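Read the structure below first, then the notes.
Since the model is a prediction, treat every value here as computed from it, not as a measurement. Sequence lines set the chain letters: A, B, ... in the order given, protein chains first and strands last, and positions in each chain run from 1. Both backbone and side-chain heavy atoms feed into the values below; hydrogens, waters and symmetry mates do not.
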Amino acid sequence: MNHTNYKKNRPALSEEQILKNKDFNKTLKQVKPKGNAYLKSFKYWGTAGVASIILIASIFLFNDNTNIQSDTPDGEFTYQPADRLNQLTSVKPPFMEYDIKYEIFEVDCSKDEEITTKSGTTFNISKNSLTDENGILITGIAQIHYRELRNPVDFFLSGIPMDYDSAGTTYTFESAGMLDIKAFQNETPLQLSVGKTIDFRFNSTTSDDGYSFYSLDEQSGVWSIENQNIKAIKPPNKLSQNKKEISLNQSQEALELIPPVKQSKMKYSLDLKVNKENYPELDQYEGTIFEINESEEKFDPIIYKIQWQGATLSDSKIKDNYTLQLTREDSSISLTVYPVVKDEFYLQAINQYHQEKSEYQALANNYEDDFEAYNDHSGMTLGTEVRSSIIREFSIAGFGIYNCDTPRMQPQLMAKKTILNTDSVQLKFNQYFVANTTRNSVVTLGTYEQDSKVKYYKKSPTVAWFVNDNGMISVINSEQFKNIKNYKHLTAESFSPNQGIEILRELMAYK
Amino acid sequence: MNPEKSEHHFTVHQLSSEVNDIKKAKKDLTHFNVLYDRYYVRIFQFVYQRVQNESQAADITSEIFIKAMENIGSYKFMGVPFASWLFRIARNTVYLEYKKNNKLRQVNFTSEDIQNLTNDIEVVTINKTELLVDAIKELNEKETELIEMKYFEKRSYFEISNILNMTENNAKVKTFRVVQKLKSILIPISK
């Protein structure tokens with residue numbers, strides 16, 4: 001076992017020796033009263049109030065306390081380590097309101113839970129694996145807060161430090177995807193029980209090799225390596241190009257491997273008999289029914305009382321949705337519906353999905369070597385989601401921030417340039433950000449005084465920006481760095497945070 | 001159920017008396033000294049078994065009691081000694097310490113401990129002590145912890161089950177499996 005020292009026959013301490021260390025009064029003095037001050041603060045009532053509203057809304061809409069997913073609405077409840085844990089943190093988002101939002105999943109602590117995030121990343125929370133800060137197992141419903149940070153703008157907005165020190169040299173991480181996962185019960189942070197892990201199949205941003213797995217000490221901002229060289233499980237290139245070649249048989253194209261969606265008990269559902277030959281993908285899971293996509297049209301429950309004479313299903317323009325046409329002599333109605341799996345069949349369906357996905361993945365890994373075997377694998381289902389995603393597998397033993405990274409040299413070239421705003425006023429700032437737009441990273445640099453030197457990449461397009469005194473984002477575009485010798489000074493154009501973020505995303509469309 | 005005797009076992013009267021002590025401590029933390037006095041040595045020994053030196057054990061023990069006092073308000077009597085709750089805090093605090101300060105996990109044992117374990121494994125080998133220690137190194141953390149509690153700390157299954165939050169039977173079964181695993185590691189070597 002790693003990190004363990006086995007010691008034989010160490011002299012035992014006598015009770016007398018142990019009691020020398022005993023001092024109740026000294027211990028008592030170090031006891032801190034529980035956080036009443038925080039309870040009374042405005043911020044607490046702000047966050048707690050909004051969180052309660054979200055929870056009530058979730059229960060009202062879904063009435064299903066297993067694995068509920070909700071997005072944090074704009075400008076509302078956002079987990080902030082500094083606020084929530086009342087401790088120092090190195091994670092300092094430049095704009096709280098534009099911090100990268102968490103997806104929130106509710107899990108039943110007494111059950112094994114599988115979670116699929118928006119990005120397609122999957123992970124498990126096993127039963128009896130969550131404890132309070134004292135290591136006491138908790139019961140009931142817990143909230144898993146999860147977010148991924150996938151590009152330089154996400155890194156900038158999250159305020160997560162990306163520097164990595166090695167042998168006295170500061171590098172900046174280039175990321176293949178970063179995640180931040182926390183757990184709470186009633187606003188109280190939870191921990192992962194000792195010995196338990198969360199196993200991830202993480203949807204990575206690149207299939208390149210050479211990325212290791214790091215964890216962040218959020219207080220100090222120091223990254224530690226957890227695992228070297230987390231290999232990407234790459235989709236075979238030929239797969240998408242040869243979709244017809246790998247059809248399961250002459251008449252039927254390969255099916256998409258769609259993760260099952262659990263039925264919501266409080267939503268309207270329809271049990272339709274579908275011609276499986278026309279819609280084989282709807283034959284994947286036992287207990288498949290349809291829910292009405294109420295975001296598409298205002299749904300009137302009266303349709304349940306009408307005796308319809310005909311029902312036709314056709315493809316919808318919305319992915320994974322279908323158009324259902326209900327008709328009778330005097331009227332017709334069109335609804336957008338999507339398949340869900342009945343509660344009682346969901347566990348079976350999710351197990352089936354994971355089994356097929358891993359079978360597919362195992363086969364896909366050997367695809368280049370054994371294309372024929374792939375064709376012959378009857379019954380295999382293939383998914384666009386799987387085809388387009390690059391998976392990295394790893395486990396974590398605690399909640400926190402983790403990154404698939406490779407350290408890169410920071411920009412070395414420096415030019416002494418005055419930076420002006422568009423009104424030709426000279427600027428100075430305490431912190432600025434530099435990105436090589438061909439890399440998935442962002443470098444945070446210190447104070448820029450008048451006429452000090454600006455760092456940039458020699459052979460790669462560089463974009464630099466900073467948050468100015470008015471809370472605007474000021475951007476120096478790559479054109480100026482490309483021809484820096486031709487410029488007497490650099491001009492930073494200022495935008496509102498909203499606009500600036502959009503512009504940065506365009507400038508750094510990471511490829 | 002006839003649990004093995006250990007200092008972890010309390011009579012109903014003792015449990016009831018302890019509940020009163022806890023109630024008093026909840027109202028006024030200075031009353032926690034009764035519980036502190038009662039458990040200090042046992043908690044210290046638990047920690048010392050898992051860390052490298054006395055001063056580290058003293059610091060962590062102090063931290064454990066600070067946490068216990070800070071959280072005594074949320075403690076609920078569930079029919080098992082208060083010690084179980086303290087040991088869980090202790091276990092978690094020790095693991096946090098390894099993680100936070102990158103400290104080595106220490107497993108301490110005596111020749112007698114190894115002899116007892118060897119007798120239960122019933123595999124005859126030359127250099128059995130060394131081989132058994134090597135076999136223990138093959139175990140994962142959970143398995144090591146069970147062997148440590150049962151054979152090196154000589155805890156009853158009842159006590160192990162309370163500390164690890166599992167049933168007594170489960171503690172027995174899991175420990176038995178670890179012993180079997182050690183046996184399976186040693187048998188090929190002994191042949």
Side-chain angles (χ1 to χ4, degrees), chain A residues 1-36 128-129 131-139 186 188 191-197 215 217-220 222 224-226 396-400, chain B residues 29-30 32-33 36-37 40-41 44-45 48 52 54-55 57-59 61-71 73-75 85 88-96 98-100 102-111 113-114 129 133 136-145 165-166:
Chain A
M1 192 168 51
N2 293 327
H3 309 302
T4 305
N5 184 33
Y6 298 85
K7 183 95 178 165
K8 190 178 160 192
N9 292 333
R10 180 173 72 172
L13 290 178
S14 67
E15 192 162 323
E16 200 180 3
Q17 283 173 298
I18 293 173
L19 290 173
K20 274 194 307 185
N21 298 290
K22 185 168 168 252
D23 186 341
F24 178 71
N25 288 333
K26 188 180 163 192
T27 309
L28 182 62
K29 276 180 192 163
Q30 293 178 69
V31 174
K32 290 175 194 148
K34 297 294 263 182
N36 291 338
N128 299 329
S129 67
T131 73
D132 65 13
E133 62 181 353
N134 296 311
I136 311 295
L137 279 177
I138 60 141
T139 55
N186 304 325
T188 305
Q191 295 174 358
L192 202 56
S193 181
V194 173
K196 297 275 185 179
T197 57
S215 64
D217 179 332
E218 289 183 43
Q219 200 166 341
S220 65
V222 174
S224 304
I225 192 159
E226 296 268 326
I396 61 171
F399 293 108
Chain B
L29 272 185
T30 56
F32 194 94
N33 67 336
Y36 182 83
D37 288 345
Y40 185 84
V41 172
F44 190 100
Q45 285 168 334
Y48 185 60
Q52 290 178 318
E54 183 183 343
S55 96
D59 290 345
T61 305
S62 172
E63 200 180 327
I64 291 160
F65 281 103
I66 291 168
K67 280 185 184 175
M69 283 192 263
E70 285 175 349
N71 292 285
S74 62
Y75 172 80
W85 189 68
R88 285 181 205 169
I89 295 175
R91 179 170 172 255
N92 196 55
T93 307
V94 169
Y95 279 106
L96 278 178
Y98 300 146
K99 197 175 172 186
K100 198 167 65 182
N102 213 12
K103 290 270 165 45
L104 275 180
R105 154 88 154 106
Q106 181 101 353
V107 177
N108 287 294
F109 50 85
T110 63
S111 303
D113 296 335
I114 293 292
T129 306
V133 172
I136 291 168
K137 288 177 183 174
E138 301 276 313
L139 302 178
N140 65 32
E141 174 53 32
K142 279 183 183 173
E143 292 164 342
T144 305
E145 195 173 32
N165 199 26
M166 58 175 70

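To the nearest 0.5 Å, atom NZ of residue A/Lys26 and atom CD1 of residue B/Ile66 are 9.5 Å apart. Taking CZ from B/Phe109 and NZ from A/Lys7, the interatomic distance works out to 10.0 Å, rounded to the nearest 0.5 Å. Note: B/Gln52 CD to A/Asn5 CG = 5.5 Å, rounded to the nearest 0.5 Å. Once rounded to the nearest 0.5 Å, the distance linking CZ of B/Arg88 with OG of A/Ser193 reads 10.0 Å. Distance check: A/Asn134 CG to B/Glu70 CD gives 8.5 Å after rounding to the nearest 0.5 Å.
Looking at B/Thr93, there are no atoms closer than 4.5 Å to chain A (heavy atoms on both sides), in backbone or side chain.
Of the possible donor and acceptor atoms, one in the side chain of B/Tyr40 sits under 3.5 Å from a partner among the backbone N and O of A/Asn21. Panel note: side chain B/Asn92, backbone A/Glu133; a donor-acceptor pair is recorded below 3.5 Å.
Residues meeting the side chain to side chain donor-acceptor pair (under 3.5 Å) test with A/Asp132, sequence neighbours left out: none.
The pair B/Asp37-A/Lys22 meets the salt-bridge criterion, since a charged nitrogen lies less than 4.0 angstrom from a carboxylate oxygen.
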Checklist entry - Can you list the steps and then say if B/Met69 with A/Thr27 is a side-chain contact (heavy atoms from CB on, under 4.5 Å)? => result CA-CA 9 Å; B/Met69 283 192 263; A/Thr27 309; 3.7 Å; yes

Checklist entry - Are B/Phe44 and A/Gln17 close enough, and set up right, to give a side-chain contact (heavy atoms from CB on, under 4.5 Å), and what steps lead you there? => result CA-CA 11 Å; B/Phe44 190 100; A/Gln17 283 173 298; over 6 Å; no

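The two residues A/Phe24 and B/Thr30 have their closest heavy-atom pair at CE2-O, 3.8 Å.
When each of A/Asn128, A/Asn25, A/Asp23 is scored by its heavy-atom pairs under 4.5 Å with chain B, the top score falls to A/Asp23.
Residues B/Leu29 and A/Val31 have side chains in contact (heavy-atom distance under 4.5 Å, counting atoms from C-beta outward).
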